[in-house]
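The basis for the numbers below is simple: all heavy atoms, side chains too, and nothing from hydrogens, waters or symmetry mates.
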Amino acid sequence: MKRYSAFAIAREAARYHTGWERAWRAPEPQKKYDVIIIGAGGHGLATAYHLGKNHGIKNVAIIEKGWLGGGNTGRNTTIIRSNYLQDPSAAIYEKSRSLYETMSQDLNYNVMFSPRGVMMLAQTQHEIRGYQRTAHANALQGVQTEFIGPQKVKELCPIISIDGPRYPVLGALWQARGGTARHDAVAWGYARACSDMGMDILQRTEVTAIRRDGGKVVGVTTTKGDIDCDKLGIVVAGHSGHLADMAGFRLPIESVPLQALVSEPIKPCMDVVIMANTVHGYMSQSDKGEMVIGGGTDGHNNYTQRGSFHHVEETVRALIETFPMLSRLKMLRQWGGIVDVTGDRSPILSKTPVDGIFINCGWGTGGFKAIPGSGWAMADLMANGRSPLTDAFGLERFREGRFIDESVAAGVAH
Amino acid sequence: MSEVQGLLRSDGFVAVRQLPLRGMITVKGDLSATALKNVATGLSGVDFPGPRECNCVGDNGIAWMAPDEILLMVTHATIPDAMAKVAATLQGQHYLAADVSDARTIFELEGAGVREVIAKLAPVDLAPDVFPPSAFRRTRLGQVPAAFWLKDNQTAELICFRSVTQYVFDILTHAARANTQVSYF
Amino acid sequence: MLILHCPYCGVDAEETELHAGGQAHLTRETVGSDDEAFEDYLFMRENPKGVHFERWRHASGCGKWFHAARCTTTLEVFGTYSAQTTAPPREICDAISGKRPGWSWKTFSARMFS
Amino acid sequence: MELENLQREDVLMSTRLAAGGRLLNRGKSVRFEFNGKHLRGFDGDTLASALLANDQMLMGRSFKYHRPRGLVASGAEEPNGLVNLGKGGRFEPNARVTTTELFDGLTATSQNHWPSLDFDVGVVNNYAARFLPAGFYYKTFIQPRAAWKHVFEPFIRQSAGLGKAPKDRDVDTYEHFYAFVDVLIVGGGIAGLQAAKTAGASGAKVLLIEQTGHWGGRAPVDGAVIDGKSADDWINNTLDLLDKMENVQVRSRLMGAGIYDHGYALAHERLTDHAPSDDMPRHRLWRIRAKQIITATGAIERPLSFAGNDIPGVMLASAVRDYVVNYGVSAGDRTVVVTNNDDAYRTAIALKGAGLDVPLILDARASGGGALAEEAAALGIRIANGKAIASVKGGKRVTGVQVCAQAGEGAVLEEIACDAIAMSGGWSPVVHLWSHCGGKLIWDDAHAHFRPDADRAPTGADGEPFVSVTGGADGAMSFSGALANADETARHVSKRIGRKAKKATPPNADDVEMAPLAPVWKMPQGAGIKLRSKMWLDYQNDVKVSDVQLAAQEGFESVEHTKRYTTLGMATDQGKLSNINGLAVLADSLNEEIPQVGTTTFRPPYTPISMGSIAGEATGERFQPLRRTPLHDWHAGNGAYWEPVGHWRRPYCFQRSGESVEDAVQREVKATRDSLGLLDASTLGKIIVKGPDAGKFLDMLYTNMMSTLKPGRCRYGLMCSENGFLMDDGVVARIDEDTWLCHTTTGGADHIHAHMEEWLQTEWWDWQVFTANVTEQYAQIAVVGPNARNLLEKLGGMDVSADALPFMAWADGQIGGFDVRAYRISFSGELSYEIAVPASQGRAFWDALLEAGAEWQVTPYGTEALHIMRAEKGFIMIGDETDGTVIPQDLGLDWALSKKKNDYLGKRAQQRSHMADPDRWKLVGLETLDGSVLPDGAYATADGTNANGQRNTQGRVTSTYHSPTLGRGIAMGLVLNGPDRIGEVIDFPKTDGSIVKAKIVNPVFYDPEGEKQNV
């Protein structure tokens, strides 16, 4: 694989860039792999990457129904933070955030990780207390956050209106080392690295059946024929229930649309990521200049990748209340993604009732920030049968009543 | 906007007026039972409404709220007697009657554009052939629950919860501002 | 932006007047049921790509809960009906089978309670 | 030599023609300002036509290379003409000049350049263009790690973006409107008008909407003759006819923005953009429910890809024609036309007709054109068939073209001086609205475009198609074709809604014979990489043919990959001009057919709509409902420091002048404990539960027994979710044999009522129970403190003595002449009554209490004093001690969990292993050794770290206050085995790392025997 660098670009420029090679191979499937990962989204590719990098397991296929990175990886609002309340969440999200810091170098692919800081606004007394609690928890979890006052909020984000009228900003939970990254690049960078390790990324290949020998998985049937494997990872946000059904087990999952929108691009005016949970909206400005805005989920199952417009209305009016300047911007584009929501709104990284099948799902609205950590942990789980980062996220927790509930800190799990 | 004796009022292309307290009793029970029908019509002096209808003359009326619920309207002062009458009549039956007069605010909207003022705020088809006078609708007005009916093609009465009186007045007034007619209906 | 017909008050209500209540026809498990049955009752959901039975409340209307049969991939609504049932009525099932040949309530419930 | 002359004349180009301009009112001159220059236009101009008329072709700079950008189009598809419009509270970035109607006093500045439009430093990117191909950022700026955030990213962000960020609060207002129709028709061209006519004739309710301020679309510009009349006449007749139809509404300046499920359509109306006004809404967002929707959105002309096709002066042929015919403006004096189809000849003919020079028509088709070509030739215009543009000469303005053979590799045959180029690569139907809700497309080889596939239309709630398409949007490329198609579509749609349109023959238009188009995706065919690197696909985002080819070469084979890798079609025009051309280049690079490659997804809105219109009326005071208690105004007038609780505002405390919030709270607590306090408790939920099965129902709802409660008595109850967690609490009063009144928390009122109804309607529907939420019927006031009884007795009317009204009893009666219901309950540990009066009496009763209570220095207190007093008593608070993960057992509330009942909501859940775990954290009191106040939300550390390196913990603070009563900090918290560890001291680190030591104590800090409340 030719390394990317300014020099490489200069070299290629001389010949009008006719010399660049494919970022990833387009192979035909082998008969058998040690590990098959279903789903070439960020989480699936990251899992494969870490299987190879951390555990030397490189005879791996990643099977993708459509195009790699074509699901929620490329449809989210790219927020990266780890200021979660509960220990298990903080552990995996902080692992993830730290991996983001070196991802461009690790992958030799610029994923544009921009640690510009993430701010969760406290606009009620209840939120203040919730975020102060989170700040205390984070301090013991090794997550660097602080609770800041309204003036600091205004300094960090001049376009915000801190004096209401309706919901004055009373403070914020501030994680200076949170930020954003270029979502597509994360998938592309991992894909290029996996391909370079000899892994096969099989795009436009749909899994139509999961083959078992009694209680153990032996392979999958795809639109390109049968492929055998020893271990199978299901990492298909939005379609997890469907795949689990094929494998013969059920999940505590519901799939709902989550909506997002962007404004037309404007010159830089906001260099932080803002989350306002009382009014429910979150926003950052992309490098292109668009205000990237995320909102809520619909309350009903829906696989159309089209949400209901009134959620967009709720989000936009809420953000205009806190950012009056938005009113005269225009909405350029709105879209929806399908997210898997679990009983406690925390993810599932777990063994399954079928021997050899592992599942990674249920990230709800918070999946992007977790990609590298989730891949790291999932690879650990698949290679070693358990991982300290995934122990708390097992399927059995619902039976035991041992939930990981993040909503308690007045924070929603975006 | 001005305040006359504490009652809100604004005049745009449609006038928005808060009306004085009206006696309102939520009655839940078997709407097909004669006793219930009789006490309701007896107290209000109007015919018992069919589904999605409201019959109302002045302060007295009956609105069909749900298959097992009506809103009985009487003059505010007569509430104690009305409550007693209902209790006496329906005694022994399974029913619920609650005085909700003070939990509600009632507005009157008056003007040729009354339909479109409501249509700016509620997801309801107010076309004359679809929503004639005496049609009654419980729905969402802006961000709060509300119910309304047309007394005639110029006049509507609208009920909301007391705590959001100011909000409902504000959005109605905004919708009724002069020069903002849609001229749709 | 869905529109559903409220079988109680007869209003065609739009989504903003309704409250979604999740999967319909769950059987309540309680004291005496084993952990698995109880877990199923609380958390395991059909979440189908296709025909789905769900609960809705006409929240800013007559306040009644009702059931809807809806396709989660096309959002086609096959019908709405009383919430006071433990299984979809025959005409609803027929309507669905008419539109989705090969479908039947049994296969649905079988998967649901397997 | 000739070229030099042209350079000099350059400044004289593009002026208003002496005659023409069907949309202009030449009688009315309009003043406006661009980049500080004071200019004039006419009423009827767009900002684009007015700027052009003032010789202002250069309008902005491109996104990436900051290349000079001029007008390309005349409508919504314009990618380049974007300006900062207006000032202050009416400032709008990225306003599209082609859809901005000129008005007197309009001010605009160009965007994305520094220091000036003519000299832009950012253009260095242009000289470096060869080093900045598609996706170059992914390949560089990788080392050193910190550089991206601090060096590269700021630079890229600065040069990206377009307009300036608005600074001031919007001074305009917005609103929504709901419309319900049988048939919505989007697009007011001749097809839309005809469809409205036919659908209207069926009696259906029809709404016809048009995004611009005028009707008829392209037909008048293209000289259509319909039923022997000029297009303009036919349009006006038709409008009159529609106006007479009661069941038809036509609206202009109303753009179909998006189509959503179940017939929901979004339309954006611009009421004052063309005439700013303070007393009208700027925009109105229509939410339309249509049984059927017809999109008659027409088609958009495609550019041709030749080297230098982005130089100002290169425009769509149709746009050049529009400016001449509609606005009497010439884009240039010498215009070379280049095309692969007949339509562009109309431009040459129109220009000639306007007395302008057309030195040459380059027709890429070896076989040339049809009737229109002959007409052009007859006018003496030179036509070169099979010829193409090798490259365009010029910098900030076209100065000439180099001609080559389309079939070749670009060898220059001759050079022609010109100052404008009118190009046409064919037409693409506007399929956006069709596609928003799932409509699929098919590839039409003859016209080389995608058009809607009628067999795969969007389907509605009934599973049947609800969107149809007609006219140019359906690929009908002739007038008569469009009209016939419109009539047929409208009939079909009418049938779908059970109506029938009267028989009538569709109008007939004279069509010229057209020669077939020849797809041309690259010009010339064999262009080498040098030329391909100068062929622009996306003008705004600077995406070239070579970029798309590079993406394909690197394996970005999905159209979505290519789009995201190159940013093709991601600009503010969302690829209206570039998508098909880019797709064709991609297909070519992959050796696939265009339909195999497919298109990207079309998402709403069709063109960008204002955020303000989306928020509608919900701004400022109307942003959200603010719920007010009957005493709200008194609070507001007496120093209330508000705390939002749900949509309510409750006084946190009442600040006196010069008093801090903290001092006020402490004062209120002391005054209440020492003498007499009043609390507005009106927000507490009050729900009547009545019926033969009400007791049985409440026994299921509450963890404790309610059926055994005696009439006249009250009982504190807990409610759990079916998942076992404590969700609400409150005092339940039994009113009579079959009636209970349940108090809930403030936040609980609505959702607990909904919770009750849910169980009654969906699980226990055979139980005879009715409920009613009467929360707002009453003003409820807590009269608290040693003098509470004295106050009520002073007002007189009912016996409130310990015997007549003992603790946890209630009674109806009169106090001070008010009809009241008095509850003898206490949440403060003091002698306390909660008195409910009808809401309309609330304020008067409150005033009476204040007046009579003066002798005991009666003190209204807020929520914080309430919290402190309940904490001093060790009472839990929902939302403080509970957070959705806490069960009653954690809070030592086992006494409230009935052992007699074999079932209640949450009981089974609480038997699960984790909830039955003896090691759950349990409620205790906490006292700092130094008397300080424990930090809110602090955790107690345990030894060591867990497997993930996180510090182990053994408890946390749930509420913490300074107690004025005890003069020290007190707190409640959940601690591992807490109740068994009374007296033990544990560590609570602050966020700064310093440790606060606290002793585990009994949570009841004040009057543990309860003597005070029980007097």
TODO: Considering non-hydrogen atoms only, spot the tightest contact between D/Cys742 and D/Leu698 and give its length.
DONE: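 Shortest heavy-atom separation between D/Cys742 and D/Leu698 comes out as SG-CD2, 3.8 Å.
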
- [ ] Check ring pair (Phe, Tyr, Trp, His ring centres under 6.0 Å) between D/Phe697 and all other residues, then give those that pass, not counting sequence neighbours.
- [x]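 Result, ring pair (Phe, Tyr, Trp, His ring centres under 6.0 Å) vs D/Phe697: none returned.
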
Open item on the list: Tell me whether B/Thr155 contacts the main-chain N or O of B/Lys151 through its side chain, where contact means a donor paired with an acceptor under 3.5 Å.
Closed with: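 Pair absent, no side-chain N/O of B/Thr155 close to backbone of B/Lys151.
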
Task: N/O donor-acceptor pair under 3.5 Å between B/Asn55 side chain and B/Asp47 backbone - done: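 The answer is yes, because a donor-acceptor pair under 3.5 Å joins these two groups.
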
Quick one: donor-acceptor pairs under 3.5 angstrom, chain B versus chain D?
{"from": "B/Lys28", "atom 1": "NZ", "to": "D/Thr771", "atom 2": "O", "distance (Å)": "2.8"}
{"from": "B/His94", "atom 1": "NE2", "to": "D/Val769", "atom 2": "N", "distance (Å)": "3.4"}
{"from": "B/Tyr95", "atom 1": "O", "to": "D/Lys690", "atom 2": "NZ", "distance (Å)": "2.7"}
{"from": "B/Asp99", "atom 1": "OD2", "to": "D/Gln777", "atom 2": "NE2", "distance (Å)": "3.4"}
{"from": "B/Ser101", "atom 1": "N", "to": "D/Gln777", "atom 2": "OE1", "distance (Å)": "3.2"}
{"from": "B/Asp102", "atom 1": "N", "to": "D/Gln777", "atom 2": "OE1", "distance (Å)": "2.8"}
{"from": "B/Asp102", "atom 1": "OD2", "to": "D/Ala839", "atom 2": "N", "distance (Å)": "3.3"}
{"from": "B/Asp102", "atom 1": "OD2", "to": "D/Ser840", "atom 2": "N", "distance (Å)": "2.8"}
{"from": "B/Asp102", "atom 1": "OD2", "to": "D/Ser840", "atom 2": "OG", "distance (Å)": "2.4"}
{"from": "B/Ala103", "atom 1": "N", "to": "D/Gln777", "atom 2": "OE1", "distance (Å)": "3.1"}
{"from": "B/Ala119", "atom 1": "O", "to": "D/Tyr178", "atom 2": "N", "distance (Å)": "2.9"}
{"from": "B/Lys120", "atom 1": "NZ", "to": "D/Glu175", "atom 2": "OE1", "distance (Å)": "3.0"}
{"from": "B/Lys120", "atom 1": "NZ", "to": "D/Glu175", "atom 2": "OE2", "distance (Å)": "3.0"}
{"from": "B/Asp129", "atom 1": "OD1", "to": "D/Lys205", "atom 2": "NZ", "distance (Å)": "3.1"}
{"from": "B/Asp129", "atom 1": "OD2", "to": "D/Lys205", "atom 2": "NZ", "distance (Å)": "3.3"}
{"from": "B/Arg140", "atom 1": "NH2", "to": "D/Tyr178", "atom 2": "OH", "distance (Å)": "2.7"}
{"from": "B/Gln143", "atom 1": "NE2", "to": "D/Phe623", "atom 2": "O", "distance (Å)": "2.7"}
{"from": "B/Arg162", "atom 1": "N", "to": "D/Glu776", "atom 2": "OE1", "distance (Å)": "3.1"}
{"from": "B/Arg162", "atom 1": "NH1", "to": "D/Glu776", "atom 2": "O", "distance (Å)": "2.5"}
{"from": "B/Arg162", "atom 1": "NH2", "to": "D/Arg628", "atom 2": "O", "distance (Å)": "3.3"}
{"from": "B/Ser163", "atom 1": "N", "to": "D/Glu776", "atom 2": "OE1", "distance (Å)": "2.6"}
{"from": "B/Ser163", "atom 1": "O", "to": "D/Arg628", "atom 2": "N", "distance (Å)": "3.0"}
{"from": "B/Ser163", "atom 1": "OG", "to": "D/Arg627", "atom 2": "NE", "distance (Å)": "3.1"}
{"from": "B/Ser163", "atom 1": "OG", "to": "D/Glu776", "atom 2": "OE1", "distance (Å)": "3.3"}
{"from": "B/Ser163", "atom 1": "OG", "to": "D/Glu776", "atom 2": "OE2", "distance (Å)": "2.6"}
{"from": "B/His174", "atom 1": "NE2", "to": "D/Tyr174", "atom 2": "O", "distance (Å)": "3.2"}
{"from": "B/Arg177", "atom 1": "NH1", "to": "D/Thr173", "atom 2": "OG1", "distance (Å)": "3.2"}
{"from": "B/Arg177", "atom 1": "NH2", "to": "D/Thr173", "atom 2": "OG1", "distance (Å)": "3.4"}
{"from": "B/Asn179", "atom 1": "ND2", "to": "D/Asp279", "atom 2": "OD2", "distance (Å)": "3.3"}
{"from": "B/Thr180", "atom 1": "O", "to": "D/Arg284", "atom 2": "NH2", "distance (Å)": "3.2"}
{"from": "B/Val182", "atom 1": "O", "to": "D/Arg251", "atom 2": "NH1", "distance (Å)": "2.9"}
{"from": "B/Val182", "atom 1": "O", "to": "D/Arg251", "atom 2": "NH2", "distance (Å)": "2.7"}
{"from": "B/Ser183", "atom 1": "O", "to": "D/Arg251", "atom 2": "NH2", "distance (Å)": "2.8"}
{"from": "B/Tyr184", "atom 1": "O", "to": "D/Gln249", "atom 2": "NE2", "distance (Å)": "2.3"}

Mind ranking [options] by heavy-atom pairs under 4.5 Å with chain D and telling me who comes out on top?
{"options": "B/Val124, B/Val130, B/Val144", "answer": "B/Val124"}
{"options": "B/Ala122, B/Gly142, B/Ala178, B/Gly29", "answer": "B/Ala122"}
{"options": "B/Ile118, B/Val164, B/Leu121", "answer": "B/Leu121"}

Task: Side chain / backbone / both / neither for B/Ile171 at chain D, heavy atoms under 4.5 Å - done: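 B/Ile171 touches chain D through backbone and side-chain heavy atoms alike.
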
- [ ] Would you indicate whether the side-chain heavy atoms of B/Leu36 and B/Leu90 approach each other to under 4.5 Å?
- [x]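 When only atoms from C-beta onward are counted, B/Leu36 and B/Leu90 do touch, with a gap below 4.5 Å.
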
- [ ] Check whether any side-chain heavy atom of D/Leu207 sits under 4.5 Å from a side-chain heavy atom of D/Val250, and report yes or no.
- [x]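 Side-chain contact under 4.5 Å: no.
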
- [ ] Output the option from D/Ala772, D/Pro692, D/Pro630 having the highest count of non-hydrogen pairs under 4.5 Å with chain B.
- [x]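 Greatest number of close heavy-atom pairs with chain B: D/Pro630.
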
TODO: With a 4.5 angstrom heavy-atom cut-off, could you sort out which part of D/Ile688 is near chain B: side chain, backbone, both or neither?
DONE: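 Interface part for D/Ile688: both.
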
Open item on the list: Tell me if the aromatic rings of B/Phe148 and B/Phe131 count as close, with their centers under 6.0 Å from one another.
Closed with: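 Between B/Phe131 and B/Phe148, which both carry aromatic rings, the centre distance is below 6.0 Å.
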
Open item on the list: Please report the interatomic distance NZ(B/Lys85) to CG(B/Leu72), rounded to the nearest 0.5 Å.
Closed with: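 Rounded to the nearest 0.5 Å, the NZ-CG separation comes to 10.5 Å.
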
Task: From D/Ile614 atom CD1 to D/Leu266 atom CG, the distance as rounded to the nearest 0.5 Å - done: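 The CG atom of D/Leu266 is 7.5 Å from CD1 of D/Ile614, to the nearest 0.5 Å.
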
